[in-house]
Student: 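Handing you a structure now.
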Protein chains: 2
Amino acid sequence: METNPIKILIADDEPDIIEIISFHLNKAGYEVETAKDGSEAIEKAKQFNPDCIILDIMMPKRNGFEVCEFLRSNKQFDKTLIVLLTALNDEASHIKGLELGGDDFINKPISPKVLVSRISALFRRIQPATSETKTLQIKDLIIDSEQYKTILNGVVHVLAKKEFELLYLLAAQPGRVFLRNEILSQVWGNDVIVGDRTIDVHIRKIRVKLGIECITTVKGVGYKFDY
Amino acid sequence: METNPIKILIADDEPDIIEIISFHLNKAGYEVETAKDGSEAIEKAKQFNPDCIILDIMMPKRNGFEVCEFLRSNKQFDKTLIVLLTALNDEASHIKGLELGGDDFINKPISPKVLVSRISALFRRIQPATSETKTLQIKDLIIDSEQYKTILNGVVHVLAKKEFELLYLLAAQPGRVFLRNEILSQVWGNDVIVGDRTIDVHIRKIRVKLGIECITTVKGVGYKFDY
DNA sequence: AAATCTAGTTAACAATAAATTAATATTATA
DNA sequence: TATAATATTAATTTATTGTTAACTAGATTT
């Protein structure tokens with residue numbers, strides 16, 4: 001079982017806030033990524049796939065509400081905690097934030113220690129649900145074998161069974177070259193006999209469906225995942 | 001064991017607060033019980049077995065911290081949400097409350113609407129994790145295993161036993177692909193032998209009865225709930 | 001008890017998607 | 001450049017699932 005650190009994305013346009021919150025979250029053992037506005041928050045979220053996103057309401061480009069709404073409409077972020085921060089201390093925003101799918105709503109000025117406490121409290125509560133060992137993630141590419149789907153930059157790509165299994169095999173060990181024989185025995189099984197071009201065709205379909213260069217041909221040897 | 005309307009216990013020594021919070025929680029569909037001090041809160045908690053307990057910090061007999069600590073040391077209240085209320089707006093109490101196992105910490109004066117919002121947000125997040133919940137809700141689809149019926153958009157759809165159990169199995173873990181074998185052993189049992197098309201026919205009946213696309217076929221693998 | 005339901009299953013066939021092949025083009029490298 | 005390996009494309013085959021209707025065994029009603 002992999003024990004990756006819990007990942008948190010902070011989006012705020014005030015560098016001071018980002019810095020102090022990052023510092024405290026890091027100290028508490030979280031892996032932190034940052035964004036300075038709403039658009040960057042969405043971009044980073046897709047790539048970083050955080051377990052929790054802290055959103056300032058008042059941000060340039062897209063405000064916290066808009067980002068929250070977007071995240072909640074995207075299946076990739078189903079299980080992602082969203083914490084909203086704001087200097088506005090009004091009831092309506094508070095309720096709106098929670099109704100848009102926020103998990104916590106905190107008024108500024110906020111003590112970093114309290115923020116960290118609140119976030120741990122949230123994680124403590126959802127802990128049992130967060131134990132995904134069957135999911136690979138390489139940058140903005142998520143390969144989820146429990147759901148049999150791949151998400152690239154927030155977009156779901158449905159691969160057929162063999163395609164998926166082939167991609168999963170390669171991506172589980174990025175950089176390692178798999179011989180054609182290895183691929184055949186792992187994905188097709190030892191007793192199955194298929195023609196020369198079968199692997200190539202499947203590789204091609206993966207390349208076309210994902211639209212990125214993530215599988216490299218090592219001529220005369222085999223293929224490797226390289227992204 | 002949880003029963004259907006979500007139960008909330010409020011403990012506060014100020015009758016006015018109790019009254020106004022009860023009113024709003026009731027209106028939001030929760031079943032409410034009250035206690036006027038810490039000792040009564042513990043007693044009532046044992047009897048009433050609430051899903052959520054709202055505790056004022058400053059109470060006679062035993063204060064909110066003490067009650068929280070007691071509840072958290074008792075397995076009966078493992079999954080019970082604890083919300084702490086206080087007029088003291090100091091960082092140390094806030095952190096202490098969360099560290100003692102509180103799920104939320106709210107400063108008075110509190111708007112009842114905000115309180116209700118925060119509590120629904122907590123439940124929304126917790127629901128999927130609680131395996132003992134008998135009623136699933138995914139968007140406008142409610143799957144009630146006590147009554148063996150599903151409600152979609154307010155309209156009741158009666159599924160037969162096998163249909164219901166199949167839907168329930170899938171919907172309990174949305175997105176997860178269930179292999180045909182898993183479905184067979186979970187719904188039909190390990191020793192039952194049925195033909196190839198039995199699952200398909202049941203899936204079809206669910207699809208027809210509900211009239212929505214909520215079960216996705218993953219060809220060569222199985223089925224998943226996806227709505 | 002006979003008739004009528006109902007859920008569950010099966011079987012035959014249709015429809016669909018996936019996997020494979022085959023033919024040809026392209027590429028890398030000895 | 002020659003050639004072996006891989007890429008590409010479309011056609012074909014195969015596997016899997018969808019659909020329908022009929023059948024069976026219990027339950028329920030008359």
Side-chain angles (χ1 to χ4, degrees), chain A residues 145 147-150 156-170 177-226, chain B residues 145 147-150 156-170 177-226:
Chain A
S145 75
Q147 306 204 14
Y148 253 88
K149 74 179 180 190
T150 61
V156 175
H157 296 263
V158 180
L159 303 187
K161 191 185 176 205
K162 283 261 182 335
E163 292 157 18
F164 186 89
E165 287 173 352
L166 176 44
L167 176 63
Y168 193 91
L169 174 71
L170 299 183
V177 179
F178 287 80
L179 311 180
R180 296 174 88 92
N181 280 337
E182 286 185 90
I183 294 173
L184 279 177
S185 69
Q186 293 290 318
V187 178
W188 274 262
N190 286 306
D191 46 349
V192 180
I193 298 166
V194 290
D196 291 8
R197 305 269 60 77
T198 303
I199 291 180
D200 312 46
V201 172
H202 281 90
I203 293 277
R204 159 143 234 274
K205 283 180 180 162
I206 296 169
R207 285 169 170 161
V208 169
K209 283 190 180 176
L210 295 186
I212 53 170
E213 287 189 27
C214 61
I215 296 174
T216 305
T217 304
V218 182
K219 204 161 179 176
V221 189
Y223 295 93
K224 66 175 172 180
F225 184 90
D226 198 352
Chain B
S145 75
Q147 305 190 39
Y148 267 70
K149 74 181 178 189
T150 61
V156 175
H157 297 260
V158 181
L159 302 187
K161 189 171 174 241
K162 282 268 183 323
E163 292 158 18
F164 186 89
E165 286 170 357
L166 176 43
L167 176 63
Y168 191 90
L169 174 71
L170 299 183
V177 177
F178 288 80
L179 312 181
R180 295 174 89 92
N181 281 337
E182 287 184 88
I183 294 173
L184 279 178
S185 69
Q186 293 290 316
V187 178
W188 275 263
N190 286 305
D191 45 350
V192 180
I193 297 166
V194 290
D196 290 8
R197 305 267 61 75
T198 303
I199 290 179
D200 311 38
V201 173
H202 284 269
I203 292 277
R204 159 146 231 274
K205 285 178 180 165
I206 295 169
R207 285 170 170 160
V208 170
K209 283 190 181 178
L210 295 186
I212 52 170
E213 285 190 27
C214 61
I215 297 175
T216 304
T217 305
V218 182
K219 209 161 178 176
V221 188
Y223 294 93
K224 65 177 168 180
F225 184 89
D226 202 350

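Naming convention: chains lettered A, B, ... in sequence-line order (proteins, then strands); numbering from 1 in each chain. None of the values given here were measured: they were computed from a predicted structure.
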Student: What is the distance, to the nearest angstrom, from the CD atom on B:E213 to the P atom on D:dT17?
Tutor: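 Value for this atom pair: 17 Å.
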Student: Would you say a side-chain N or O of B:T217 is under 4.0 Å from OP1 or OP2 of D:dG18?
Tutor: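 Yes, because at least one side-chain N or O of B:T217 sits under 4.0 Å from OP1 or OP2 of D:dG18.
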Student: Which residue is it: B:K209, B:H202, B:K205? I am looking for the one with a side chain to side chain donor-acceptor pair (under 3.5 Å) to B:E163.
Tutor: B:K209
Student: Between D:dT19 atom P and B:I206 atom CD1, what is the distance in whole Å?
Tutor: 13 Å
Student: Taking the nucleotide of DNA chain C with the closest heavy atom to each, which residue, A:E163 or B:K205, is nearer the 5' end?
Tutor: B:K205
Student: Report yes if a side-chain nitrogen or oxygen of B:H202 is closer than 4.0 Å to either non-bridging phosphate oxygen (OP1 or OP2) of C:dT9; otherwise report no.
Tutor: yes
Student: Kindly point out which of C:dT21, C:dT9, D:dT19 is positioned nearest to the side chain of B:W188?
Tutor: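 Between C:dT21, C:dT9, D:dT19, the one nearest the side chain of B:W188 would be C:dT9.
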Student: Mind checking the CD1-CG spacing from B:I183 to B:L166? Nearest 0.5 Å is all I need.
Tutor: 5.5 Å
Student: For B:K209 and C:dT6, give me the distance from atom NZ to atom P, rounded to whole Å.
Tutor: 10 Å
Student: If I take atom OH in residue A:Y148 and atom P in nucleotide D:dT16, what distance separates them, rounded to the nearest angstrom?
Tutor: 13 Å
Student: Using a cut-off of strictly less than 4.0 Å, decide whether B:Y223 has a side-chain nitrogen or oxygen near OP1 or OP2 of D:dG18.
Tutor: yes
Student: Can a side chain N or O of B:T198 be found less than 4.0 Å away from OP1 or OP2 on C:dG8?
Tutor: no
Student: Without decimals, in angstroms, what is the distance between A:L166 CG and C:dT20 P?
Tutor: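 Spelled out: CG on A:L166 to P on C:dT20 is 11 Å.
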Student: Where the side chain of B:K161 is defined as all heavy atoms beyond and including C-beta, which of D:dT6, C:dT10, C:dG8 is the nearest nucleotide?
Tutor: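 Minimum distance to the B:K161 side chain belongs to C:dG8.
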Student: Would you mind telling me which residue lines up with the more 5' stretch of DNA chain D, A:R180 or B:I203, judged by nearest nucleotide?
Tutor: A:R180
Student: Inspect the contact between B:R180 and B:D200 and indicate whether a charged nitrogen and a carboxylate oxygen are less than 4.0 angstrom apart.
Tutor: yes
Student: Send over the distance from A:D200 CG to D:dA4 P, rounded to a whole Å.
Tutor: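 Rounded to the whole Å, the gap is 17 Å.
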Student: Specify the residue among B:L159 and A:D196 whose closest nucleotide of DNA chain C lies further upstream toward the 5′ end.
Tutor: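 Its nucleotide being nearer the 5' end, the pick is B:L159.
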Student: Can you tell me how far the CG atom of A:D226 sits from the NZ atom of A:K224, to the nearest 0.5 Å?
Tutor: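 One finds 5.0 Å between CG of A:D226 and NZ of A:K224.
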Student: Check whether any side-chain N or O of A:R197 sits under 4.0 Å from OP1 or OP2 of D:dT9, and answer yes or no.
Tutor: no
Student: Where is the tightest heavy-atom contact between B:L169 and B:F178, given as atom of each residue plus distance?
Tutor: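 For B:L169 versus B:F178, the nearest heavy atoms are O-CZ, 3.5 Å.
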Student: Among the candidates D:dA7, C:dT21, D:dG18, find the nucleotide nearest to the side-chain atoms of A:R207.
Tutor: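 Between D:dA7, C:dT21, D:dG18, the one nearest the side chain of A:R207 would be D:dA7.
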Student: Look at the side-chain N and O atoms of A:R204 and state whether any lies under 4.0 Å from the OP1 or OP2 oxygen of D:dA7.
Tutor: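 For A:R204, the contact criterion (side-chain N or O under 4.0 Å from OP1 or OP2 of D:dA7) is not met.
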Student: Is any N or O donor-acceptor pair between the side chain of A:K219 and the base of C:dT27 shorter than 3.5 Å?
Tutor: yes
Student: Atom NZ of A:K162 and atom P of D:dT14: how far apart are they, to the nearest Å?
Tutor: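 Distance check: A:K162 NZ to D:dT14 P gives 15 Å.
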